[in-house]
Participant: 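Have a look at the structure that comes next, please.
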Amino acid sequence: MEDGKLSLDLLMGLSIFLFTFIFVANFLPGVFADVRNEINLANQAYRISTLLVEDPGYSSSWYNITEDRCRTEEFRPGLAVYDLETGVKYNNLSVEKIQAFARLLNNTTCIERVRFYLGLNLSTLGGQVFRFNVSLKNLAGDLVTYNRSVLLNHGDKIPVTQVVRFERIVYLDKWADNCNVTIEGQNVAIADRCVAKLEVSVWI
Amino acid sequence: MDLKGQTFTLEGVAASLLILIATYTIFQSTVVMSPSWSEFNNIQLKQLGYDILRVIDNPEAVNSSLRGMIGNLSCGDGNYYAPAEFSQNLSALLNALPAYGRVELIWFNGSSIETAVLFNFSKNPTPNAVRVSRLVAASNDNCLPNAKIVEVRLTLWR
Amino acid sequence: MEVNEKGQMILLFAAAVVVIILSISYVYAQNVIAGIESSRTMLAFPKEEIRNLCELASSSSTSTDEVVRQVRILCAKNGWVCNYNYPYRVEFKNLEVEYDAQDCRR
Amino acid sequence: MPRIVEDEKGVSLLIEYLILMGVMSVFVVVMSLQLHETLTESQVSRVMENQFADVASQVSAIYTDYILLMPSEGQIVTRISMLPEIGNRQYNLKMDLYENVGYVHLSSGSIESYMGLGYKKFLRTGGVIEIRPGGEVLSSKAESKDQPKVVYKKEEACPFVPKIRVSFDPSSVEFNNFTNMTVSFENEITEPVIWRIDFWNGSSLSDVSYGGVYRTQIQITDITGCTQKPSSSNDYLCTVTAKAWIHNRVSCNSSVNNTLLVSTTPKLSNPYLVYEKWIEPNLVRRGEPFEVHLKLEGRGFVVEGLANLSVVHVIDVSGSMIWPTIFKDYKKTVTPNVISRTITLNEKGNLEIYAYTTDSLPSWYNSTLCKCSNKCPVGYDSSLIKLYVNGTEASTVYQDGSAIGKRYTNKNAPNGDYTIEVVAAAPEQINITLKVVFKGKEILNETVPYSNYVVESFTLPGGVNYKFLAIYNITNLPSLSYTQWNSSWNRIEYYTVDGQPRYWEYTSRLCGSSAFSQGTLNVWLILPDGSKDFLMKGSGSAWYQARNNYGINGIYADVFIVDPRVGEYRFVIVPISKNPVTFQATALIKRIDAAKLAGITFNSMLGEKDFVGLTNFTTDAQRIAVNSSPLRFMTTDKSFVNNLINQMRAELATDHADGLYYGSRVFPVWNEGGNNCTDCIKDTRPLLIMLTDGEPTICNSNNDPNKYYGCFADCSNCTGGSWCEPCKNQALCIANYLKNFKINDFNVSICTIGFSTDISGQGQQFLRQLASLRPDNNEPCYFFATTSDELVNAYKTIFNAFQIAAKNISVQEAVNVSIISPFDFIDARVVSSKGSPVSITVESRNESTVIRLNMSSIQKDEVVELILKLKAKDEAPTGEYDVNIDSESYIEYTVLDYRGQESGRITLPIISDKDKVRIVTGDQPEIIIR
């Protein structure tokens with residue numbers, strides 16, 4: 001009689017152990033390696049910002065592409081000024097190109113083309129689709145305006161989730177409204193240039 | 001007899017706890033902010049550094065170019081003073097980042113490598129500072145003797 | 001005697017699990033280091049230095065033997081091997097990167 | 001309660017055992033199922049994703065930096081660090097394109113990851129380039145010693161390579177003096193080229209060229225950086241480097257060196273050789289040819305004193321010198337310029353073809369140009385244009401307003417192809433209209449600018465008053481029939497020698513009832529004054545006839561000009577049918593005129609410190625006074641001598657002995673009254689040049705040991721008509737005496753030129769014996785000339801023979817051409833700027849190919865260039881290669897001192913830093929993982 005009980009006892013002990021373990025095992029994954037998107041994001045942010053700041057884009061007249069032609073043309077945006085003689089002027093952004101870029105990002109079809117040609121969308125192969133947003137701010141941190149209209153603050157809408165941002169310091173080839181800075185009270189331009197900050201944000 | 005049963009149960013519980021704790025101690029402890037993040041901040045900072053060197057080096061301007069800065073560098077009792085205009089530009093940029101910066105001029109005086117620190121940019125960097133530098137073909141015979149090439153080194157940290 | 005046996009059994013299993021977990025911790029370690037390499041590359045690639053040399057090589061006045069010599073010395077200090085001559089011939093070597101251009105202009 | 005079993009204990013034990021086992025087995029099963037899944041699979045897959053992201057980001061970052069550097073030409077290599085395995089699994093990394101967008105792909109079994117790199121095309125100075133990402137690598141390679149790498153590679157292939165040349169004139173300069181530097185390009189420059197000259201002292205000169213020639217004068221005031229010439233304290237070799245490259249294509253460059261000899265005391269400067277070696281182009285695609293250039297140049301000074309000459313022209317003015325000799329000779333095939341069109345008719349119908357022009361060429365087709373005015377086609381008629389349809393000529397004249405030409409009509413032309421050819425006798429550009437009308441519809445109507453002529457020209461050099469210029473046996477000319485000879489002859493010249501008259505005269509044809517007939521060529525001769533002469537035959541033969549009274553009783557010429565102007569004579573040759581035609585012509589002048597020309601040309605080569613004297617000989621020789629006592633017969637005033645040369649005329653028989661004797665008496669060294677002044681020609685080198693067209697026919701008997709240097713002769717049998725042995729022997733005796741006679745301790749040199757038509761004659765043998773040995777190649781200084789050109793060249797050669805910088809040069813050049821080497825041998829050629837003969841042999845060994853040159857001498861400022869044509873093998877691996885095997889390449893020559901005496905042999909190895917060639921693929925750039 002008592003002996004019978006005993007075995008039940010053991011049974012209980014074992015099952016407790018078993019269930020605890022299975023429980024642990026099941027929630028382990030959360031504890032273990034989680035997916036680290038920031039690696040990709042960081043790289044993409046770096047890559048896009050570099051392409052924008054140090055490359056004139058393709059073709060030489062990509063910034064003439066209108067919203068209706070962005071679907072048919074092959075192009076890659078790049079904001080750097082390009083001089084036929086001396087080549088690319090690094091960190092020197094063309095206002096004209098910036099405006100074109102903004103225009104394309106505003107258009108729902110074009111933004112997808114841009115995304116594709118920038119290499120941010122390989123979903124057809126099975127890769128991730130990256131969302132991005134580009135903005136141009138002056139050193140004080142407010143958006144740069146040209147003829148009182150914001151030059152560049154376009155792309156996908158920035159969410160609350162993990163976002164990686166990469167900044168570049170650039171200067172424009174035309175004089176924007178608010179690219180001067182105030183040093184000791186007076187309002188000057190750094191190195192006689194319209195210096196600004198290009199921010200590229202990338203997320204999933 | 002009864003005791004025996006008890007022990008069985010206890011062992012079960014003990015074992016499971018053991019596992020639980022083992023797992024936690026191993027993993028919870030190591031799940032820290034991933035290192036690539038701090039690295040990434042350095043990348044960001046370094047890139048900004050290069051950008052700064054590029055932006056403040058405006059060949060059309062005199063004192064707003066590295067060449068001009070070196071050319072018009074003045075020096076006395078171990079201190080090196082960059083032209084005011086240059087210092088202004090640089091500090092304006094640094095404030096905007098925001099970041100601290102140290103500027104060194106490095107050149108070869110014919111026998112050994114020498115280093116000069118700009119007066120207003122001589123703070124000592126923290127360990128995780130980044131360095132960017134640019135070689136400028138310029139000379140300044142009374143401050144940087146025999147220099148034909150000067151390495152302008154900008155150290156940044158936050 | 002049976003009694004002891006049963007107790008050990010359970011402990012035995014526990015041990016087994018711990019072993020497995022430890023083995024995974026190694027995998028996990030790999031996970032932790034992920035991202036270091038890429039960021040190091042982004043940090044270490046001497047793009048700007050090479051452009052710098054190319055600019056110097058673009059003019060014969062900054063390509064005189066003395067200038068090149070001083071450049072070499074300054075490079076060596078940073079652990080690089082630099083060489084260039086007019087027009088647009090540039091060589092750069094460091095641990096990761098070997099750059100050798102007959103015409104460095106992009 | 002009822003019981004199932006009695007012995008409860010036993011039961012309980014059994015049950016207990018069973019249950020225990022049961023639980024255990026369940027546990028084990030769960031374990032084995034769960035554990036692997038939860039504890040390994042899911043974990044590793046996540047870790048992999050992260051590691052993949054890391055590697056991909058790495059590659060992507062490198063890629064980004066590459067495309068933003070992207071050297072126009074060059075290579076970048078970067079190591080990738082990746083874990084050999086993740087959770088003991090290997091994986092695979094590759095780069096590729098998807099819809100022109102590059103991407104990185106990592107995969108291990110079912111786990112994959114992609115990272116985009118962006119659109120593949122980029123702008124660059126010099127155009128758009130297209131990156132080709134590619135390559136694949138397995139992770140396990142990470143722990144092998146060649147780590148995975150990302151490689152950028154771009155090789156430029158050149159549209160052309162500017163072959164820059166830099167030269168100095170003079171190439172040997174005294175310190176502080178001037179020299180002219182010329183920068184030019186050997187090949188056509190189709191894009192702007194940047195060139196740069198680096199001087200020995202570090203200064204440089206640079207400019208952009210569009211193919212022109214750049215000249216500047218530089219004064220040599222700074223010889224820092226020049227190397228002192230071995231074994232001479234006052235000579236410096238100053239080297240300039242010329243480099244040129246296509247604008248924006250730096251790698252398409254070439255460079256050459258040139259060495260300037262600068263001497264502080266040229267008088268003591270020994271002549272010597274310089275060489276320069278380079279490769280053009282030094283950048284080739286597989287299968288493309290390139291050239292190896294080896295340039296030898298003789299250097300040295302000819303200054304005050306030793307090297308100067310005292311020349312005596314001993315010129316034969318015997319009767320036969322009045323005869324004509326060939327001045328120029330032409331024979332070439334003229335291919336007409338044919339407009340050719342093909343039309344296709346798909347159906348049969350009425351076909352009309354018109355070929356016509358509305359232009360006219362009065363200055364060419366003009367009755368006043370015709371030998372018999374208004375007998376030739378006047379102005380301009382339909383005969384000018386010829387129309388061929390499928391090869392057969394359509395001769396129907398077509399004329400409509402100002403349009404004139406030919407026409408073809410076929411009321412029902414069968415369908416098929418029609419080849420239309422049009423030719424016009426257009427000596428200058430006109431517009432030709434070709435019109436095709438089919439079934440009343442115009443199916444072709446084009447007007448093309450057209451011309452159809454070839455120009456041949458020769459120049460009659462100045463300095464000589466030529467008596468006449470005759471041009472004969474020109475073929476295929478138009479002709480005027482029924483043209484008789486004019487019976488009255490016109491005198492060209494007339495003079496008497498010992499009462500015997502000597503004259504030339506000519507006559508031409510009369511027009512009479514002449515009728516014009518086309519030839520197959522229209523030829524105009526354009527005279528130096530610009531006037532045109534439309535050449536025609538008379539009655540199918542020559543239009544002019546000339547003769548003299550000394551053996552020439554008829555040369556038949558198509559052109560005969562008395563006292564022709566010096567200058568350029570141009571033939572404009574127009575084929576009038578569609579078939580190629582041969583044009584030939586031979587120009588004649590008098591031998592004596594040719595002789596004068598040669599002599600004067602020689603004098604013009606002499607320096608102002610060289611002395612000239614003049615002796616002419618016929619039955620007797622006479623020295624011609626050109627100066628005043630004590631130096632009567634020699635002068636440095638060449639023009640004065642030239643005038644005297646011009647006055648010479650053909651006279652009587654030929655006495656070489658006398659000529660040679662009096663020739664030698666020109667030298668003021670025989671203490672004879674009025675001509676006795678050895679110091680006047682101090683330090684100069686005595687040279688006798690004897691020009692003769694004939695054989696010894698007469699001599700002066702001599703048995704006086706004090707005359708003719710004791711060379712006796714009994715001339716009783718010599719009448720002046722035929723070969724005169726005693727004269728020959730006497731001449732040889734005199735020559736022998738002179739060869740051993742020293743003036744300014746140089747032996748007197750004798751050079752002889754046979755100016756005749758028969759080289760085998762014994763006269764030529766005799767002249768060869770007369771001659772002394774040339775200083776350059778130790779051959780007899782004897783030449784044979786039939787034409788005026790040959791004669792002039794003979795004189796030039798003589799001049800050069802006394803100007804040599806080095807002797808017995810032999811060059812061995814070993815190039816890396818063999819079965820294993822990346823090059824193939826195409827050919828080798830060698831050219832001398834002064835046309836001196838060079839023997840060349842090519843020997844292919846199993847590990848190299850050796851080219852050998854042999855030259856008897858190189859003269860001062862002579863440039864000898866060896867050009868080897870090689871080719872990169874089609875399968876040659878890309879990279880940079882040494883073309884030459886320096887260890888086996890050398891130049892060997894006999895050195896001369898400033899007195900021209902041999903002073904030992906030296907060997908200089910051929911070493912060059914410019915003998916490398918780079919083989920490239922010239923592809924678009926690629927960025928690959930390997």
Side-chain angles (χ1 to χ4, degrees), chain A residues 1-8 10-11 14-15 17-18 21-22 25-26 28-29 32-40 42-44 46-48 50-51 54-60 74-76 78 82-88 90 116-128 130, chain D residues 8-9 11-13 15-20 22-24 26-27 30-31 34-35 37-39 42-54 56-58 60-61 63-65 67-68 98-103 105 112-126 128 248:
Chain A
M1 180 63 180
E2 281 150 355
D3 282 4
K5 268 192 198 132
L6 284 183
S7 66
L8 264 176
L10 166 71
L11 182 56
L14 274 176
S15 25
F17 168 78
L18 186 55
F21 182 79
I22 298 221
N26 279 328
L28 273 178
F32 276 10
D34 55 341
V35 179
R36 305 250 313 280
N37 292 313
E38 74 272 8
I39 301 172
N40 277 328
N43 172 264
Q44 295 293 20
Y46 167 81
R47 198 171 62 81
I48 302 304
T50 322
L51 273 178
E54 300 177 24
D55 188 77
Y58 180 87
S59 66
S60 50
E74 289 192 340
F75 67 102
R76 187 192 59 256
Y82 182 68
D83 177 322
L84 280 174
E85 261 313 300
T86 58
V88 190
Y90 307 113
F116 179 74
Y117 285 123
L118 284 177
L120 291 172
N121 176 0
L122 286 171
S123 49
T124 37
L125 289 175
Q128 278 162 319
F130 295 90
Chain D
E8 290 177 336
K9 187 163 195 250
V11 173
S12 71
L13 269 177
I15 296 181
E16 184 184 343
Y17 192 74
L18 284 175
I19 294 174
L20 184 60
V23 174
M24 289 300 159
V26 170
F27 184 60
V30 172
M31 276 285 214
Q34 271 282 321
L35 272 181
E37 165 52 25
T38 29
L39 296 185
S42 62
Q43 301 308 318
V44 169
S45 68
R46 284 214 177 79
V47 176
M48 275 204 162
E49 277 179 37
N50 298 337
Q51 281 293 348
F52 282 5
D54 186 19
S57 304
Q58 221 185 126
S60 147
Y63 177 92
T64 314
D65 293 332
I67 57 172
L68 291 164
Y98 170 74
E99 289 184 4
N100 297 335
V101 171
Y103 66 87
H105 174 238
E112 289 192 305
S113 128
Y114 291 85
M115 162 97 61
L117 300 171
Y119 185 63
K120 66 174 180 181
K121 289 188 186 166
F122 295 86
L123 288 180
R124 195 192 61 201
T125 51
V128 172
N248 280 336

Participant: How many angstroms lie between atom NE2 of D:His105 and atom CG of A:Leu125, to the nearest 0.5 angstrom?
Facilitator: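 That separation rounds to 8.0 Å.
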Participant: Once rounded to the nearest 0.5 Å, what's the spacing between atom CD1 of A:Ile39 and atom CD of D:Glu49?
Facilitator: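 If I round to the nearest 0.5 Å, the distance is 10.5 Å.
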Participant: Need one label for A:Leu120: side chain, backbone, both or neither, based on atoms under 4.5 Å from any heavy atom in chain D.
Facilitator: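 Contact with chain D: none, neither part.
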Participant: Find the one option among A:Phe75, A:Tyr46, A:Phe130, A:Phe116 whose heavy-atom pairs under 4.5 Å with chain D are most numerous.
Facilitator: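 So the answer, after comparing A:Phe75, A:Tyr46, A:Phe130, A:Phe116, is A:Phe116.
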Participant: After noting the C-alpha distance and the side-chain angles of A:Asn40 and D:Ser57, does the key distance pass the side chain to side chain contact (heavy atoms under 4.5 Å, CB included) rule?
Facilitator: CA-CA 6 Å; A:Asn40 277 328; D:Ser57 304; 3.9 Å; yes
Participant: What's the shortest heavy-atom distance between D:Leu68 and A:Thr50, and which atoms?
Facilitator: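 Closest approach of D:Leu68 to A:Thr50, heavy atoms only: CD1-CG2, 3.1 Å.
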Participant: Can you tell me how far apart CZ (D:Phe122) and CG (A:Leu51) are? Round to the nearest 0.5 Å.
Facilitator: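 Reported to 0.5 Å precision, the distance equals 6.5 Å.
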Participant: For D:Asp65, what residues pass the salt bridge (Lys or Arg N to Asp or Glu O under 4.0 Å) criterion, not counting sequence neighbours?
Facilitator: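 D:Asp65 satisfies salt bridge (Lys or Arg N to Asp or Glu O under 4.0 Å) with C:Lys47 only.
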Participant: Would you mind checking which part of D:Ser60 comes under 4.5 Å of any heavy atom in chain A, side chain (CB onward), backbone (N, CA, C, O), both or neither?
Facilitator: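 D:Ser60 touches chain A through backbone and side-chain heavy atoms alike.
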Participant: Using the rule given for side chain to side chain contact (heavy atoms under 4.5 Å, CB included), can you reason through D:Lys120 versus A:Tyr58, listing the C-alpha separation, both sets of side-chain angles and the distance that settles it, and then say yes or no?
Facilitator: CA-CA 9 Å; D:Lys120 66 174 180 181; A:Tyr58 180 87; over 6 Å; no
Participant: Would you check if the side chain of A:Arg47 reaches a backbone N or O of D:Gly116 as a donor-acceptor pair within less than 3.5 Å?
Facilitator: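 It does hold such a pair.
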Participant: Where is the tightest heavy-atom contact between A:Asn43 and D:Ala61, given as atom of each residue plus distance?
Facilitator: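 For A:Asn43 versus D:Ala61, the nearest heavy atoms are ND2-N, 3.6 Å.
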Participant: Based on non-hydrogen pairs under 4.5 Å, which of A:Glu74, A:Glu54, A:Gln44 is most in contact with chain D?
Facilitator: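 Highest number of heavy-atom pairs under 4.5 Å: A:Glu74.
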Participant: Assess whether side chain to side chain contact (heavy atoms under 4.5 Å, CB included) is satisfied between D:Val101 and A:Asn121, documenting all intermediate values.
Facilitator: CA-CA 10 Å; D:Val101 171; A:Asn121 176 0; over 6 Å; no
Participant: Measuring from D:Leu117:CG to A:Leu118:CG, what's the distance to the nearest 0.5 Å?
Facilitator: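 That separation rounds to 11.5 Å.
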